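Just the heavy atoms: all of them, side chains too, but no hydrogens, waters or symmetry mates, feed the values below. In what follows, chains carry the letters A, B, and so on, assigned in the order in which the sequence lines appear, proteins first and then strands, with residues in each chain numbered from 1. The structure presented is a predicted model; accordingly, all values stated were derived computationally and were not measured.
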Amino acid sequence: VDSVAVSGFGLLMAGLPRHATEGLCLRDIDTVGIAAIMTRPQVDKRTADALTNLVGDARGGAAIAVGPGNLLVVRLEPSPSWIAQLSHATDGVAHVFDHSSGYAVLELKGSAGCIILQKGIFIDLDRGLADVGSSVCSVIAHINVLAWRSASDCIVIAVPRSFAGSFWHWLTTAAAAENIALGQKL
Amino acid sequence: VKRLALDGRIDRTKPLSFRFDGRAYTGFEGDTLASALLANDVRIVGRSFKYHRPRGIMTDGPDEPNALVTLRSGARAEPNSKAPAIELYDGLAAFSQNCWPSPRFDLMAVNGLLSPLFVAGFYYKTFMWPASFWERIYEPIIRRAAGMGRLSGAPDPDTYDRSHAFADVLVVGSGVAGMSAARAAARRDKRVLLVETDPLLGGRLLCETGEVEDRPCANWLADAVRELTSNDRVRVLNRTTLFGAYDDHSFAAVERVADHVPVPNHGQPRQRYWKIVAAEVIFATGATERPIAFGGNDRPGVMMASAVQSYVNRYAVAPGKRVAIFANSDSGHDVAADLVAAGIDVVAVVDARPDAVASSTRFRVVRGQVVATHGKSLKSIDVRGEDGAIERIACDVLGMAGGWNPNIGFAGHLGARPTWCETTQAFRQSTLPAGMCFAGAADGAFSRSAALVSGATAGSSGEKPSSLVADDRAPCVAPPLLVKGCRTKAFIDFQHDVTVADVLLAEQEGYKSVEHLKRYTTLGMATDQGKASQVLGHALLAERRGTSIGAVGTIAARPPYTPVAIGALAGMHCGVNLKPLRLTPTHDWAAENGASFVNAGLWRRAQWFTRFGDNDWFASAVREARAVRSSVGLCDVSTLGKIEIAGRDAPALLDRLYTGMISTVPVGKCRYGVMLREDGFVFDDGTVARLADDRFVLTTTTANAGAVMRHIDFATQVLWPNLDVAACSVTENWAQIAVAGPHSRALLQDLLPDLDLSNEAFPFMGALAGTWEGVPMRLFRLSFSGELAYEIAVPSGYGDALIRTLARLGRQYDFTPYGLEALGILRIEKGHAAGGELNGQVSAHDLGLGRMLSKKKDFVGRVMAERAALVDPGRPTLVGLKPIDPTQKPSAGSHLLARGAAATASASQGHVTSIAFSGVCDQWIALGLLANGPDRLGEIVVASSPLRGTQISVEVCSPIFFDPEGARLRG
């Protein structure tokens, strides 16, 4: 089989220590479903809210409001038919666009995750990422980022795939500036 | 060494070596450069700005006007560093500045003899003639003579960082008011951010003796520090200076992360820029002691009394053996008491108040004023007593205690103007933006007890007390003091050498506003921004004008509060962090195959692929273009903008966006389209593919991907919000590879054996969505090269796998990867407009695309595109150009002139837009925009480049140089 996917951060992380126990543990998430869901103009707010609840059950992912009637839904390890299911579930109410391969996605495990991200994100992360499932949509070093809390000690961050290398440069620079060791979480 | 037996805040178990002007000295951990120099009896540290007068250490903090040094050397040299603000570290090297050959003997001191010439505003009155001397002689001399240190000129080897902080309550300053404010806020369960310039918390508590809440200062402070640092809702940033207050409760600060070490550790920034947002801010910024204007008040050994107290109590250094204090408040007496307790000989406290009384039997109190000082560094002072008699008193240090200026500049950053308070004899902020207050000495609560109450009140409520906190002692209250009858220079602004005489002259010459006084004399314009001195100047101006200081007012403070390195402001936003790069999905493969890359916007695109035998890039590009025409080539076109449009009204929207009819495109087909701007000029071009009745995907040029998306968002959200349509950029989601050349069909058929790619089944402009080995795939039969060609798209994560598979399968067809240069050749051979032609100033008619302007529907730009000037046949229109001499190369940008016409701008009839060497034509070919172009085929014109000095005759021809019938792309 030739069709083997390359993950956004996989090669960049190759040099990091494995099974790290200190600092910030990173995990490249290469199986992720990301979809933009845009409600149709005639859809009333109640229906839109119902849609948010419907797709908000993201199971380790997030439902991120990126604009009026505009959601970005993230699902970790989705089924191959996830996009089709979403389209079916929102038929007549919203339009669905697949972004699953458009982002490089990284999990940051450890309390240092917020410290590092706060260096780049001008949003109060103590509040913005306080609860599991909460999310922010911002910019780090001129790169669009989405971040959400996937677990009490984990934040997941997604950046447009073509920017993965530049984001990695920022991340490693920021970690070094705080003297935070980076390692791989396998 | 003049160390005292006191403990201080230095660690005597950790001695440090340092050098000043090349000489070796020692100090201790906890010292500043200033305290260590004083401990080593170094009294003259530099020379003054204008008169090159010897100057010593005057203060104990960042408001120091005199002891400016260059810290470190080489690329890390930092001029104008203030010695009292430099933490001592082992190996520190500092250098005096503004003197030659040394601070003790400076040849430029001759300026002092010329001081009658260097009065206020002298540069407005001198150097007037001859006019030509100004740039050639005067200005270079003045620039060379001006002081204030020199930059190294070398690139800064260090890095700078940036971070953000959010808090419910921001407390600035950690003196007694700041600490009590922070504690009170923390006890309200607020998120507290405490910012302190000093490495240690405590503010003036570190320098004073006495008690707080009936406990020794040190003990109270230790408990307060413990309480705050053990609370996880409190964050303390020491070595951090807040330097700006801005709108929306935002603030800027700089943290000196590694300024106290010789070289930052690997990855460690030197400084960190903080952007802070806080719902409430309490400025417990303290007060700066005010100097006194008297003759010779700048002599080394004349210091602020509070600084003398600091050096004794905090650093265990005796600044002198015989100390005098000149005061007009009780705080000078407090300092004298501390010095006596430390075993220092206090020879006199000269008190300018007529009702001054002896506060102690341990030192002499003299009612009078200091009128003169003597010695290169201070040896004695002349005191004029109540009876007018002059008494000379020998001393080597004189402490000035002229009252205190509350540090209120931050309110000025937000437009608040201070008012004069008679009670505190200082400017205070009476009206402040919501959520902001001053506390402690910054609000006129000078005594520790008053500051404690003031801070606690602010921390408890987030508001300043409704009235001034009752100050049971207020030892610091004193009016600005200007001693009359001095025969020598009395300085107001020490750093800029502004004297009493300068201020009086400025007023005499009509500069009666404090803002005008500042500009004319430079009072308060130095790196200390007049923190200590300008109130004194304003008091003098008021006195001269015969009015009150409140009526005169004070200047508006602006950020930064203290100087900030440009590098710190940039933070980590330089290089890739300032301008991130976008890599295509096949970047690694391209690099492995010899690609040279070029920046195209933020993208890094393969420009050409070097092969063995290629002499240069030109050879590579021509080889690649030939290979596409003869075999098959692969090119990553993922950078093209890709936008999906979905919804019942998607066809209607696209009809309005494009000049041509899109709604009639059947499912499974593509159409070339042109978009206009509202003004009728061409905006962008690309293809539209219909994937389903209600779903399209369109492509844009790489450069306009973002602009077209914004254009569509504007159309759907503002122009026609009721359309049932949604648009979404999917550029990042899809890797797209052009497969072009006679063997492209065979190659793709090998890749996709289950599809029928025959011309009948999948003709030119066909589109389909399917799978490749189970991966979603889109295939378009499009051609930018004029060859049989396809573009295949897969999710970006599979782009690398796709290109490697195509390359493996393509070996049997002798495939060639090609880059932007070859792409340019191929498109010029086919006359396709691109960046050179789509310059924002061309109409569809200019590009020969007038027939694409539909007459059956409306679209953006239709009306304006039909303006007479835009359809004038005389407009420059797209043509092909071939040099008469095939070996000659016209330059892109050359003007097109009629033969025999003068090479003038008015004679220009157009210009060359793109140029390439065509392998199939075996000569240079070009595209250009030429007036009446289509009517001039066969005419010879001249491509003239005044920049290169070339004049090349070219024949006007069709812009389609190769396969004008399009047989190859449809084959």
Side-chain angles (χ1 to χ4, degrees), chain A residues 1-8 11 30 34 36-42 67-70 80 83 94-104 115-116 118-128 140-143 160-167 169-170 172-179, chain B residues 159 161-166 191 257 265-269 272 275 277 572-573 575-585 587-588 602-603 638-639 644 646-647 721-728 730-735 772-776 794-802 804-805 808:
Chain A
V1 176
D2 297 309
S3 55
V4 177
V6 173
S7 65
L11 292 175
D30 55 0
I34 302 178
I37 299 180
M38 298 181 180
T39 56
R40 301 173 74 166
Q42 294 81 6
N70 196 342
I83 290 290
H95 303 293
V96 176
F97 300 90
D98 188 4
H99 285 292
S100 300
S101 203
Y103 286 88
I115 295 172
I116 290 182
Q118 192 69 85
K119 294 168 72 63
I121 295 177
F122 188 49
I123 292 174
D124 186 353
L125 297 185
D126 281 353
R127 290 180 177 155
I140 289 179
H142 307 277
I143 299 170
R161 178 180 283 266
S162 67
F163 286 102
S166 291
F167 179 78
H169 181 269
W170 175 87
T172 51
T173 305
E178 297 291 343
N179 198 25
Chain B
T159 59
D161 193 22
R162 178 194 176 102
S163 197
H164 306 106
F166 298 83
R191 271 193 309 172
V257 180
N265 296 326
H266 178 70
Q268 186 183 34
R272 179 174 293 128
K275 191 171 179 181
V277 173
M572 60 168 66
H573 287 166
V576 173
N577 289 333
L578 174 65
K579 190 177 177 184
L581 293 174
R582 303 179 74 179
L583 304 185
T584 66
H587 183 88
D588 290 346
L602 295 180
W603 288 102
S638 305
T639 63
E644 282 191 20
N722 292 325
L723 288 182
D724 177 16
V725 64
C728 188
V730 293
T731 305
E732 288 284 350
N733 197 57
W734 293 92
W772 165 58
E773 293 188 353
V775 175
V794 294
S796 295
Y798 294 92
D800 185 79
L802 176 62
R804 291 179 193 277
T805 306
R808 180 172 55 77

Where on [X] is there a heavy atom nearer than 4.5 Å to chain A: the side chain, the backbone, both, or neither?
X: Asp588(B); value: side chain
X: Asn722(B); value: backbone
X: Trp603(B); value: side chain
X: Arg808(B); value: side chain
X: Val257(B); value: neither

Fill in: Polar side chain donor-acceptor pair, Gln118(A) to Ser163(B), under 3.5 angstrom
no

Worksheet item: Which region of Ile123(A), side chain (C-beta onward) or backbone (N, CA, C, O), has a non-hydrogen atom less than 4.5 Å from a non-hydrogen atom of chain B, or is it both or neither?
Response: backbone

Worksheet item: For Asp124(A), is it the side chain, the backbone, both or neither that has a heavy atom under 4.5 Å from a heavy atom of chain B?
Response: both

Considering only heavy atoms and a distance below 4.5 Å, find which of [options] pairs most often with chain A.
options: Cys728(B), Pro795(B), Ala801(B); result: Cys728(B)
options: Leu581(B), Val775(B), Thr639(B); result: Leu581(B)
options: Lys275(B), Gln268(B), His573(B); result: Lys275(B)

Worksheet item: Can you name the nearest heavy-atom pair linking Leu578(B) to His142(A), along with the distance?
Response: O-CD2, 3.2 Å

Practice prompt. State, to 0.1 Å, how close Ala735(B) and Ser638(B) come at their nearest heavy-atom pair, and which atoms those are.
Written response: CA-OG, 3.4 Å

